Amino acid sequence: MTTVIYTAHDGTETIVEGTPGVSIMETALRNGVPGIVGECGGSMSCATCHVFVSDETAAIAGEMSELEDEMLDGTAVEREERSRLSCQIKLIEGETYRVTTPSEQV
Amino acid sequence: MATDITTAPASTGRCPVDHGQFGAASHDASGDSAEDHYGYEPFDMTDPFPSYERLRHHAPVYFDERIGYWVVTRYDDVKGVFDDWETFSSENAQAPVRPRSEGAKKIMDEGGFTAYSGLSARVPPEHTRIRAIAQRAFTPRRFKVLEPTIRENTIAALDAMLASPDATGDFLTDIAYDIPTITILTLLGVDPAMVPTYKRWSDSRAAMTWGDLTDEEQLPHARNLVEYWQECIQLVVRAHRDGGDSLVSDLVRAQEDGAEISDHEIASLCYSLLFAGHETTTTLIANSARVLLSHREQWERLLEDQKLIPGAIDEVLRYSGSILAWRRRALKDAEIGGVAVPKGADILLVMGSANRDEAVFENPDEFDITRPDARSHLSFGYGIHYCLGNQLAKLQAKIVLEETIARAPQLRLVEGAEISFGENLSFRAPTSVPVTWKA
């Protein structure tokens with residue numbers, strides 16, 4: 001089982017079963033999880049799928065590319081150390097992911 | 001081009017949509033029947049929106065034999081095709097809608113014209129490879145650096161326009177032409193003095209690819225495209241020779257450091273960016289002034305609260321996008337909105353219609369700068385080809401609105417001035433935006 005736990009800015013938790021290979025952004029859109037916009041559809045061009053990942057998630061989410069790092073300079077809510085673009089994190093079979101969504105994406 | 005497209009439903013009178021829902025009487029009214037394509041005229045950009053609405057209701061996916069394209073007008077269908085790049089290829093996105101004439105072909109062959117597409121009509125994996133390299137130039141970190149210069153240029157252009165003794169100007173040529181064009185030329189290391197030249201070449205590119213030109217009309221445009229392409233090649237040659245501080249020299253250096261990108265691909269990117277990088281932003285800026293000033297109460301709201309500007313720009317993009325239709329090709333037999341389209345079918349995705357789909361947007365024909373979901377518009381496309389310059393375009397439109405509001409809050413459209421739009425399959429660009437600030 002692959003699981004994503006989304007915590008909204010107000011603390012509301014949404015737990016979704018994900019499909020390996022699909023991104024955290026797309027998993028949110030497919031399941032109607034609020035707090036992620038994903039305006040460009042995952043091509044790293046809009047920075048509207050910004051999330052804060054937990055330490056455990058950071059460890060399994062893979063390295064951030066230089067491009068993602070630069071795109072994070074344009075998020076609606078100021079980036080933090082644990083900021084990622086959720087379109088760039090593809091789910092791995094059997095893992096559990098924890099992300100918090102910012103108060104604003106646009 | 002598919003050969004089986006001649007069996008397409010619309011051309012044999014078998015429309016994919018039930019004709020029973022609109023009675024025979026409605027066939028009398030112009031634009032109301034399948035025979036007259038519900039009033040849709042592919043190249044007429046004057047006011048295509050009423051015909052889009054009829055198409056969404058009566059024939060949301062139909063084959064238009066006049067252009068040889070399946071026309072798709074509902075939001076979910078347009079977005080779905082954009083998203084499914086494995087079934088629907090962008091390979092036809094830069095193909096001439098009207099075949100090139102023999103004369104034009106000769107000019108282009110003799111002139112060594114070998115450009116096709118920088119990115120928009122490339123497909124994975126080569127698209128993925130080149131986009132990853134090009135995208136580095138369009139991140140917020142990069143263009144935040146440009147902001148002060150864009151603002152300076154905007155202020156200078158506004159001051160020049162506002163110095164006009166008769167207190168009238170053309171927001172298109174006085175403001176919208178220069179601002180984004182100077183930005184992209186500067187990014188690519190081109191002298192801003194060449195703005196008029198690049199505008200001439202860009203007009204030719206838009207006309208040759210998406211226009212409805214006669215054989216004779218194609219000739220001067222063909223010459224312009226040869227000049228344009230040769231200049232793109234020279235940009236790469238010069239970057240190799242002189243280095244420098246521009247996107248072209250960055251790409252050349254990346255290549256020398258082992259990035260997998262050829263000189264022809266870099267020149268093609270220049271060919272792409274030196275068109276796409278300003279053409280549609282010029283239109284966005286012109287449309288921002290045109291649409292906001294023709295909805296005075298919305299303009300007044302912006303004067304009171306500048307925080308509404310970003311939302312207003314997205315609403316302009318939704319309500320009056322710079323590109324209303326974009327192309328794809330089916331790589332296999334497929335289905336769009338329940339309608340079967342054959343392998344090889346050419347498809348026209350009408351974002352201008354999707355953006356006014358009542359299934360998605362409430363009161364879609366109303367222009368409302370505080371619309372909460374304006375950003376769901378598809379004017380930048382969706383998925384792997386999503387407009388690379390979306391944020392830079394919006395940033396420039398925002399700067400222009402901020403500075404215009406600060407300097408000319410009393411700006412208005414010249415009364416009675418007819419604003420027309422050039423004929424084109426995809427681009428809807430006003431040919432002038434006459435403004436005045438007379439007391």
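Just so we're clear, the structure is a prediction, and the values are computed from it rather than from any experiment. Residue numbers start from 1 in every chain, and the chains themselves are labelled A, B, ... in the order their sequence lines are given, proteins ahead of strands.
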Based on non-hydrogen pairs under 4.5 Å, which of B:Gln391, B:Arg375, B:His385 is most in contact with chain A?
->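 Most heavy-atom pairs within the cutoff with chain A belong to B:Arg375.
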
Non-hydrogen atoms of A:Val37 and A:Gln105 that approach each other most closely |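 Heavy-atom minimum between the residues: CG2-CB, 3.6 Å.
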
Determine the minimum heavy-atom distance between B:Arg301 and B:Leu308, stating which atoms define it.
->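 Shortest heavy-atom separation between B:Arg301 and B:Leu308 comes out as O-CD1, 3.9 Å.
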
Beyond-backbone contact of A:Arg98 with A:Thr7, side-chain heavy atoms, under 4.5 angstrom |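 Side chain of A:Arg98 against side chain of A:Thr7, heavy atoms only: no contact under 4.5 Å found.
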
Part of [X] lying under 4.5 Å from any heavy atom of chain A:
{"X": "B:Phe380", "answer": "neither"}
{"X": "B:Gln135", "answer": "both"}
{"X": "B:Lys144", "answer": "side chain"}

Is the Lys NZ or Arg CZ of B:Arg318 less than 6.0 Å from the centre of B:Phe361's six-membered ring, within 45° of the axis?
->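 Output yes; distance and angle both within limits.
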
For A:Thr48, is it the side chain, the backbone, both or neither that has a heavy atom under 4.5 Å from a heavy atom of chain B?
->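 Looking at A:Thr48, just its side chain touches chain B.
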
Given the options A:Gly74, A:Cys87, A:Cys40, A:Gly38, which has more heavy-atom pairs under 4.5 Å with chain B than any of the others?
->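 The residue among A:Gly74, A:Cys87, A:Cys40, A:Gly38 with the greatest pair count is A:Cys40.
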
Give the member of A:Ala47, A:Ser43, A:Cys46 that has the highest number of heavy-atom pairs under 4.5 Å with chain B.
->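 Max contact count across the listed options: A:Ser43.
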
Output yes when B:Arg371 and B:Asp314 qualify as a salt bridge under the 4.0 Å nitrogen-oxygen rule, no when they do not.
->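 B:Asp314 and B:Arg371: not salt-bridged.
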
Starting from the C-alpha separation in whole Å, work towards a yes-or-no answer on side chain to side chain contact (heavy atoms under 4.5 Å, CB included) for A:Glu95 and A:Thr57.
-> CA-CA 9 Å; A:Glu95 297 285 3; A:Thr57 296; over 6 Å; no

